[in-house]
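A short worksheet on the structure shown next.
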Amino acid sequence: MEWTRKQRYRKYKDWDAQTLLNLQAQAATSPYQMHYHIHPLSGLINDPNGFSYYNGEYHLFCQSYPFGPVHGVKSWIHYASPDLVHWHYLGSAIDPDSDLDNAGAYSGSAMEHNGKLLLMYTGNHRDEDWTRIPYQVIAEMDENNHITKPDKVAILPPNHVSEHFRDPQLFKHDGKYYVLLGAQDAKTKSGHIDIYESDDLKTWHENGYLDLGKDEMGYMIECPNLVFINNYPVLIFCPQGLDKTVADYKNIYPNMYWIGKDINLSEAKFTPLQAHPANLDDGFDVYATQAFNAPDGNAYAISWVGLPDCTYPTDKENWANCYSQVKRLEIKDGALYQHPVDAIKNLRHNEKQLNNEKIISQAAGKQYELKLHLLAGQSGKLYLASNEDLSSSLVLDFNTDQNAKLTIDRASSGPAVNPDYGATRTIDLKDDQDLDLDIFIDGSLCEIFINNGRHVATLRFFAPTPNQKIAFDKDTKYTGRLWSMNSIL
């Protein structure tokens with residue numbers, strides 16, 4: 001199919017049910033499909049939205065285009081979970097069926113208020129001349145998961161921003177309501193986080209662009225999030241076009257975090273603890289991370305594993321992208337740590353104890369967790385999803401001696417994935433120290449938690465189905481455990 005603009009913006013009601021059923025069957029039977037991570041039932045998912053806790057459950061909404069692996073007219077679909085791991089699908093949530101979102105329901109957030117869950121999102125409105133007007137809209141969901149959309153806009157774009165004004169994060173802080181919005185300045189074409197404030201969720205006042213210091217943040221900031229972790233304000237955001245002298249990154253667009261000493265939302269002032277933002281994920285494919293402060297006192301985050309303006313091998317199967325597992329966030333030693341939530345352990349079965357074996361498994365399957373403790377003073381390679389002679393593998397090249405580092409190489413793991421941005425990623429480690437790896441494999445998704453979450457590296461890879469061997473290239477001193485993982489979807 002040629003995905004023309006007309007095709008991508010075809011009304012949902014104009015698609016026939018059998019087409020959707022065929023697409024769902026194709027996605028479900030893909031050898032690359034995930035089974036304990038959220039993935040599209042059909043077509044494409046991208047930004048996680050409305051990540052929240054309400055009515056005794058965690059809620060997550062996904063930006064979705066169900067009719068193909070492209071960015072067409074977007075809707076929201078809905079999942080809920082008791083534990084941040086076992087997600088159940090609740091169907092369509094926000095369809096692009098009103099004048100406020102006639103060209104798509106774009107990204108947004110959620111906040112509990114007076115017994116309802118408020119869903120704030122960007123309504124992508126297009127007029128007859130196809131001019132975009134981004135409307136910030138607040139819908140309501142009740143305890144029966146019934147959603148009511150408003151008939152008027154909460155926030156209109158101010159004159160000083162371009163059409164790129166989206167992704168509202170709605171939250172309450174110090175007795176007032178705030179919205180953070182990704183924005184592009186109309187005059188300078190530079191990226192900003194715009195702040196709005198309200199006493200009543202009805203009348204909104206613009207406080208202005210958040211002062212992030214002297215460095216420009218590229219030409220657009222997407223998906224701004226503010227969470228408080230161990231009493232530190234932490235910004236998580238996606239600065240498109242960020243100069244690499246400000247922060248180094250290898251992906252087409254970075255997903256950054258920035259720890260602050262303080263933030264004054266009324267005065268739009270951020271006082272950083274770090275000189276510059278840092279990569280949230282050291283892998284290949286994380287973007288549009290959404291985080292929130294939960295009632296249990298923790299901050300949790302989940303990411304889109306996919307990137308704008310990039311393609312993946314499953315596009316040929318008419319489905320695209322997935323989500324990371326949920327991660328608990330912690331600040332330690334001035335850095336952000338990310339941890340798997342405890343409930344992920346409930347998926348484990350068939351435990352295998354490991355102790356210095358060169359071949360860990362000849363047939364590990366497509367869904368497993370591998371936890372390793374490698375002793376200091378050695379180097380080598382760990383081959384994942386490998387064929388028998390290790391020539392086709394996802395390779396982890398490690399050094400725990402001097403100039404310690406870990407290099408992830410997906411060049412020989414299967415079909416090339418966005419090769420313009422390189423096939424390797426390297427993480428610097430502390431010299432002469434043991435290395436802890438917690439590796440999750442789920443179909444074509446790999447997540448690596450390094451040194452108890454000091455670094456996380458997330459990537460897609462597309463190994464042939466028979467490639468299930470796990471082995472070291474030489475004798476290595478380590479201990480570990482291997483588990484198979486149950487499916488959730």
**Prompt:** Would you say the side-chain atoms of Gln338 pair up with the backbone N or O of Leu280, donor to acceptor, closer than 3.5 Å?
**Reply:** yes
**Prompt:** Does a salt bridge link Asp142 with Lys116, judged by any charged N lying under 4.0 Å from a carboxylate O?
**Reply:** no
**Asked** With sequence neighbours excluded, what pairs up with Ser324 under the side chain to side chain contact (heavy atoms under 4.5 Å, CB included) test?
**Response** Ile302, Ser303, Val305, Lys327, Glu447
**Prompt:** Thinking salt bridges, do Asp281 and Arg425 make one under a 4.0 Å N-O criterion?
**Reply:** no
**Prompt:** Between Arg460 and Phe284, is NZ or CZ placed under 6.0 angstrom from the six-membered ring centre and within 45° of the ring axis?
**Reply:** no
**Tyr89-His78 aromatic ring centre distance below 6.0 Å** = no
**Message:** What I want to find out is whether Arg454 reaches Asp333 closely enough, with some N-O distance under 4.0 Å, to be called a salt bridge.
**Reply:** no
**Asked** Only one of Asp47, Asp167, Asn124 forms a side chain to side chain donor-acceptor pair (under 3.5 Å) with Tyr106, so which one is it?
**Response** Asn124
**Message:** Within 45 degrees of the ring normal and closer than 6.0 Å to the centroid, is that where the cationic atom of Lys332 sits relative to Tyr337?
**Reply:** yes
**Complete:** Residues passing the side chain to side chain contact (heavy atoms under 4.5 Å, CB included) test with Ser386, sequence neighbours excluded, are Tyr383, Leu390, Ser393, Lys469
**Message:** Between Asp97 and Lys149, does any side-chain N to carboxylate O distance fall below 4.0 Å?
**Reply:** yes
**Item:** Check: Tyr232 main-chain N/O paired with Asn230 side-chain donor or acceptor under 3.5 Å
**Value:** no
**Request:** Using side chain to side chain contact (heavy atoms under 4.5 Å, CB included) as the criterion, list what pairs up with Thr424, not counting sequence neighbours.
**Result:** Thr407, Asp409
**Request:** Kindly state whether the ring of Phe270 and the ring of Trp258 have centres lying under 6.0 angstrom apart.
**Result:** yes
**Message:** Measuring centre to centre across the rings, with the benzene-like ring taken for any Trp, is His37 within less than 6.0 Å of Phe440?
**Reply:** no
